[in-house]
Student: 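Pasting in a structure now, in structure tokens, and then I'll have a few things to ask.
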Amino acid sequence: MKKLMLGNEAFARGLYEAGCKVVSSYPGTPSTEITEFVAKYDEVYAEWAPNEKVAMEAALGASIAGARSFCGMKHVGLNVAADPLYTAAYTGVNGGMVIAVADDPGMHSSQNEQDSRHHAIAAKVPMLEPADSGECKEFVKIAFDLSEQFDAPFIVRMSTRVAHSQSVVELCDRDEKELKEYTKNPQKYVMMPAFARGRHVFVEERTAKLTEYAETSSLNRTELSDKAEFGVITSGAAYQYTKEALGDKASILKLGMVNPLPVKLIQDFASKFDTVYVIEELDGIIEQHCKNIGVTNVKGKEIFGFIGELSQSIIAEKLLGVKCEYKEFGENVPVRPPVMCAGCPHRGLFYCLSKLKVTVSGDIGCYTLGASAPLSAMDTTICMGASISALHGFNKARGKDAEKSSVAVIGDSTFMHSGMTGLVNIAYNSTNSTVIILDNSITGMTGHQQNPTTGKNLKGDPAAAVNLEELCKAIGIKRVRVVDPYSLAETEAVIKEELAAEEPSVIISRRPCALLKYVQHKPALTVDTDKCKSCKACMKLGCPAISMKDGKAVIDHTQCVGCGICQEMCKFSAIK
């Protein structure tokens, strides 16, 4: 049976068919759906972990126990999981272990364009890179087999285009795997220096064997053309672009195994052409490998650059001098920048922070949009959990005046991910810092996943719910306040009080995400145009449901959820 599948859905199908038993991940676009899809298979245990480090450690523990295991994350999540990853390369596995990392060329939903192949090389962990949904499924199954064959965790590198595009996948039955026997083996699994030294020798020997395997593996294949004018070495989504742009004008070496890379296979392929182009997204890793092994007739990054996604049109223009023709749509499509939704509970909080001219140390989540105009209420955003730690450092550097005029903002899920330790640092090392936890009762940015504060697990079953107030107090914060961000007066007053306090404090801004299905909205508001004075005070909120027409405020009833914040803003009672 064949089915059209997203890359992420096909990846999940591969986990199912390969007999994977334990899945632990943290949501991160573009990898999130892998875990969501695999959770639909009852034969597989799946969970959302608090962060990627915990997820990888859980998956490694399951592997050591003898089960085939998986953990998934986006590229910046691999940074969080790097600690266990690098040591997992030494311990190896018992049951096969596969790790998905989804890179985001073009930064569609990310703060950087990190190339995860660097982690694979540095950790000395093998990496595969599929080019379509069919390969996603098959490469996962191959990765599990190779993981057990070579005693190594295997990374499968995804990208936004491969994860979210569709192609045909052939469905097969599940190959149920019995648990492998677990035998106590400190020399393999206890990475104290005396044992780790021996395992490093194993890692280097394994890399040599994997390089030899890469020379003849079906994962790497040559596609020769009689009409070829030059050769191309490529992988992943770039392979699809190359095929569409160049057709039979190029012979192609498609690399499905991108770490370790073959040597003789590349040398033999390159020897057939005067010029070989390396077409790869982000960094020039394959190109540099070619030069390192004496292949000097390669060109790559001087033509295609290091920034953003590639495309068929870019490749055709760079290599063939042909510009792709586009059909004009004919309609004037309005620009729609990213914006917090109508009724978003974070809007009122950010309005108050902007009004008070508070310095805001921001974090990763849908609330990062608080940095956008007209609110412009965020000064920094670095990485998950950094808002609290950065605020502490900022206040230590600038002193008492900064403590009275700066806050950190962080979502409930992000706080559980990596914000708690920053708050411990504030309590332990004593700054009078004010931290605002934006509790919208869900992990909003990645599509409404549960987290440890929501009281439900990945499958929606009841689970232990972390009490944020009690947790903050246990950490050492005595002042913990809860506000409703739909009440601007209350929110502003509490922010002022906590900034003035002579000790660290936490404000929990609590209101469920407006998009949650169980949230009951009020009727849409309307504007009395006779009373509207065109002052545009309501426009300061940046609500997408409010606009100006013929000099008067207008509310789109299809978007408005009746949150009432704009009513509080209007001094003329024009909004009803």
Side-chain angles (χ1 to χ4, degrees), residues 340 343-363 365-381 386-396 398-412 414-415 419 422-423 426-427 430-441 468-469 471-473 475-512 537-538 540-543 563-569:
M340 287 185 287
C344 176
H346 306 325
R347 179 171 283 106
L349 182 280
F350 279 118
Y351 172 76
C352 292
L353 293 174
S354 178
K355 179 182 176 182
L356 296 171
K357 295 181 170 54
V358 174
T359 300
V360 179
S361 178
D363 222 294
C366 49
Y367 51 87
T368 310
L369 293 168
S372 302
L375 296 170
S376 303
M378 198 169 289
D379 290 72
T380 62
T381 298
S387 60
I388 300 177
S389 308
L391 175 68
H392 174 76
F394 186 88
N395 287 343
K396 281 292 185 185
R398 300 191 69 87
K400 195 174 185 66
D401 288 344
E403 292 178 342
K404 300 300 182 185
S405 61
S406 59
V407 301
V409 295
I410 187 168
D412 52 331
T414 307
F415 181 72
L423 190 59
I426 284 175
S430 185
T431 52
N432 293 341
S433 299
T434 300
V435 174
I436 304 176
I437 300 175
L438 308 178
D439 182 6
N440 65 350
S441 306
L468 288 173
E469 294 96 308
L471 175 60
C472 293
K473 290 176 182 177
I475 282 173
I477 306 298
K478 297 176 182 178
R479 297 181 64 94
V480 180
R481 306 283 297 275
V482 179
V483 299
D484 180 354
Y486 277 5
S487 173
L488 297 183
E490 175 198 10
T491 301
E492 182 178 339
V494 170
I495 292 172
K496 288 180 177 178
E497 289 172 18
E498 297 312 310
L499 284 173
E502 295 297 330
E503 61 180 308
S505 62
V506 168
I507 302 170
I508 300 174
S509 176
R510 179 166 288 149
R511 168 70 68 161
C538 56
K540 295 178 181 179
L541 293 169
C543 178
C563 72
I565 295 179
C566 58
Q567 281 182 296
E568 296 182 62
M569 297 286 292

Student: Quick check: closest heavy atoms across I475 and A427, and the distance to 0.1 Å?
Tutor: O-CB, 3.8 Å
Student: With distance as the sole test, does T491 use its side chain to make a donor-acceptor pair with the main-chain N or O of S487 at under 3.5 Å?
Tutor: yes
Student: Is it the case that atom NZ in K396 sees more than 12 heavy atoms from other parts of the structure closer than 6.0 Å?
Tutor: yes
Student: With heavy-atom distances below 4.5 Å as the criterion, would you say the side chains of L488 and K355 are in contact?
Tutor: no
Student: Whether E503 and K478 form a salt bridge (side-chain N of Lys/Arg under 4.0 Å from carboxylate O of Asp/Glu) is what I want to check.
Tutor: no
Student: Determine whether S405 and V358 make a side-chain contact, defined as any pair of heavy atoms from C-beta on separated by less than 4.5 Å.
Tutor: no
Student: Other residues, nucleotides and ligands only: do more than 12 of their heavy atoms fall within 6.0 Å of NZ on K540?
Tutor: no
Student: Is any side-chain heavy atom of S387 less than 4.5 Å from a side-chain heavy atom of V409?
Tutor: no
Student: Which one of P485, C352, C543 satisfies the side chain to side chain contact (heavy atoms under 4.5 Å, CB included) criterion with R347?
Tutor: C543
Student: Just how far is it from atom SG of C344 to atom OH of Y486, taken to the nearest 0.5 Å?
Tutor: 8.0 Å
Student: Looking at E492 and K496, does any basic side-chain N land under 4.0 Å from a carboxylate oxygen?
Tutor: yes
Student: Verify, without hydrogens or angle tests, whether R481 (side chain) and V494 (backbone) share a donor-acceptor contact under 3.5 angstrom.
Tutor: no
Student: Which heavy atom in L499 sits nearest to a heavy atom in E403, and how many Å separate them?
Tutor: CD2-O, 3.8 Å
Student: side-chain contact (heavy atoms from CB on, under 4.5 Å) between L375 and M340: does it pass, once the steps are laid out?
Tutor: CA-CA 11 Å; L375 296 170; M340 287 185 287; 3.4 Å; yes
Student: Given side chains that start at C-beta, do those of Y351 and I565 come closer than 4.5 Å, heavy atoms only?
Tutor: no
Student: Quick one: closest heavy-atom pair of I388 and G419, and the distance?
Tutor: CD1-O, 3.4 Å
Student: If you measure from CD1 on I436 to CD1 on I507, what distance do you get to the nearest 0.5 Å?
Tutor: 4.5 Å
Student: Indicate whether the side chain of Y367 and that of T414 have a donor and an acceptor atom separated by less than 3.5 Å.
Tutor: yes
Student: Can you tell me if D379 uses its side chain to pair, donor with acceptor, with the backbone of V360 under 3.5 Å?
Tutor: yes
Student: How long is the straight-line distance from CD of Q567 back to SG of C538, given to the nearest 0.5 Å?
Tutor: 11.5 Å
Student: Please report the interatomic distance CG(L353) to NE2(H346), rounded to the nearest 0.5 Å.
Tutor: 12.0 Å
Student: State plainly whether the residues E502 and K400 are in salt-bridge range, i.e. N to O under 4.0 Å.
Tutor: yes
Student: For L391 and S406, work out which heavy atoms get closest and say how close.
Tutor: CD1-OG, 3.5 Å
Student: Between the side chains of S433 and H392, is a donor N or O closer than 3.5 angstrom to an acceptor N or O?
Tutor: no
Student: Go through the steps for C472 and V435 under the test side-chain contact (heavy atoms from CB on, under 4.5 Å), then give the verdict.
Tutor: CA-CA 10 Å; C472 293; V435 174; over 6 Å; no
Student: Pick out which of D484, D439, D412 makes a salt bridge (charged side-chain N to carboxylate O under 4.0 Å, His left out) with R511.
Tutor: D484
Student: Is F394 close to T431 at the side-chain level, that is, under 4.5 Å between some pair of heavy atoms?
Tutor: no
Student: Atom CG in L423, atom CD1 in I410: separation rounded to 0.5 Å?
Tutor: 9.0 Å
Student: Looking at CG of L471 and CD of E469, how far apart are the two atoms once the value is rounded to the nearest 0.5 Å?
Tutor: 10.0 Å
